[in-house]
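Notes for the one structure printed next.
Lettering of chains follows the sequences in order, A, B, ..., and the numbering in each one begins at 1.
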Number of protein chains: 2
Amino acid sequence: MKQLAGIFKALSDETRLQMMSLLLRTGELCVCDFVAVLDITQSKASRHLRYLVNAGLLIDRRAATWVYYRVTPEPKAAAAGILSLLSSVLAGQSDPQLSKRLDRWRRKKSCGATCGAPAATRRATTGGKH
Amino acid sequence: MKQLAGIFKALSDETRLQMMSLLLRTGELCVCDFVAVLDITQSKASRHLRYLVNAGLLIDRRAATWVYYRVTPEPKAAAAGILSLLSSVLAGQSDPQLSKRLDRWRRKKSCGATCGAPAATRRATTGGKH
DNA sequence: TGCAAATAACCGTTTAAGCGGTTATTTGCA
DNA sequence: TGCAAATAACCGCTTAAACGGTTATTTGCA
């Protein structure tokens, strides 16, 4: 029962729900994808993703510099049912805004350019240092 | 998406999960039943039940002095799927302790005696007044 | 009408999350 | 080996939730 509450808690945050929604659709994404698509800071993305991993909903995989996340393929007990429910529920109310951003980011990413935030943001950050 | 997060948040507390579990099994209970079966204070029971009502998972019904709660018969959107999932998941891992307490309380209640905590506690409370 | 029971609302305190911003760590590459 | 990118861990602050305890409200009954 306690574990079940933990799973629900992991899903009680909108950012984390969006992350799950993106992963259920795409299969696998790295941190920088979430940063770009959800327009959130890297630390925020990292924190929420770790939260979902700890709850047993995601697994991570390191490939070179990047860490990729995807829905755990072997959910234990309660998690299995919740995950299958989640995919159907989210399909029914998928945020069009989110889909649009995802597509746009995918195109931009495949056009070239490695991971990371758009150039403008990067330049601003660097300039702010002293 | 926000509403969905709210529903999960309502289910992220163990006490509230136990409440849902009891209601899915019994159909309808009043506040004093939760106080007796879960061995929690009245204020705690009341607060958590209201939380579940606000989340759209329960409805309440006043009958004389008592307020009865049951799972909402007309859940909206996301709630419906979650509720049906919940009943199956909870059935799979129902806490034996909880069932035992429920049965014991039911017997005690039907034997006579109105609602409220066991006599001992009631006496103590009254005695403590001044 | 007055009293007792059941319940909801309120209050002050404590605890857990969330956040932005920064620093540390891992990794690939020149 | 040294640098830059991606990510995780850390820090201080703010906010929300949970709790026990108390008070107010509703209701039935004598």
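Considering only side-chain N and O atoms, B/Lys9 lies nowhere under 4.0 angstrom from the phosphate OP1 or OP2 of D/dA16. Between A/Arg47 and C/dC19, a side-chain N or O to OP1/OP2 separation shorter than 4.0 Å is present. For B/Tyr51 and C/dA9, the shortest distance from a side-chain N or O to OP1 or OP2 is not below 4.0 Å. Put simply, A/Ser46 has no side-chain N or O that comes within less than 4.0 Å of OP1 or OP2 on D/dT7. Look at B/Arg50 and you'll find a side-chain N or O under 4.0 angstrom from OP1 or OP2 of C/dA9. For B/Thr65 and C/dA5, the shortest distance from a side-chain N or O to OP1 or OP2 is not below 4.0 Å. Within the 4.0 Å cut-off from OP1 or OP2 of D/dC19, at least one side-chain nitrogen or oxygen of B/His48 is found. A/Tyr69 has no side-chain polar atom (N or O) that falls below the 4.0 Å cut-off from OP1 or OP2 of D/dT7.
Shortest non-hydrogen contact noted between B/Arg16 and B/Ala10 is NE-O, 2.7 Å. Here the closest non-hydrogen pair linking A/Ser46 and A/Val31 is N-CG1, 4.5 Å.
At whole-Å resolution of the value, CG in B/Asp39 and C1' in D/dG20 are 14 Å apart. Rounded to an integer number of Å, the gap from CG of B/Asp60 to P of C/dT7 is 12 Å. Taking atom CG of B/Asp13 as the reference point, atom P of C/dA16 lies 13 Å away to the nearest angstrom. Atom CG of A/Asn54 and atom P of D/dA8 are 11 Å apart (whole Å). Summarising the geometry, the separation between CD1 on A/Ile40 and C1' on C/dG18 is reported as 12 Å, rounded to the nearest angstrom. Nucleotide D/dC19 holds its C1' atom 13 Å from the CZ atom of B/Arg16, rounded to whole Å. Nucleotide C/dG18 holds its P atom 15 Å from the CG atom of A/Leu38, rounded to whole Å. The CG atom of A/Leu49 sits 15 Å away from the C1' atom of C/dG18 (whole-angstrom rounding).
One side chain, B/Ser99 or B/Arg25, offers a donor N or O that lies under 3.5 Å from an acceptor on the other.
The partner of C/dT1, taking Watson-Crick or G-U wobble pairs whose two distances both stay under 3.5 Å, is D/dA30. Pairing for D/dA17 is with C/dT14, a Watson-Crick or G-U wobble pair whose two hydrogen-bonding atom distances lie under 3.5 Å. The nucleotide C/dT25 finds its pairing partner in D/dA6, both defining distances of the Watson-Crick or G-U wobble pair being shorter than 3.5 Å.
Here B/Ser43 lies in heavy-atom contact (under 4.0 Å) with a base. Residue contacts for A/Tyr68: at a heavy-atom cut-off of 4.0 Å it reaches no nucleic acid atom on any strand shown.
Here the side chain of B/Thr26 pairs a donor or acceptor atom with the backbone of B/Leu22 at under 3.5 angstrom. Of the possible polar contacts, one joining the A/Asp33 side chain to the A/Cys30 backbone as a donor-acceptor pair under 3.5 Å is found.
Taking only distance into account, the side chain of B/Gln42 never meets the base of C/dA6 through a donor-acceptor pair shorter than 3.5 Å.
Aromatic ring orientation, B/Tyr69 versus B/Phe34: perpendicular (interplanar angle above 60°, classes split at 30° and 60°).
In this structure, the nucleotide among C/dT7, C/dG18, C/dC19 sitting nearest to the side chain of A/Thr15 is C/dC19. Considering only the side chain of B/Lys44, D/dG20 comes nearest among D/dG28, D/dG20, C/dG18.
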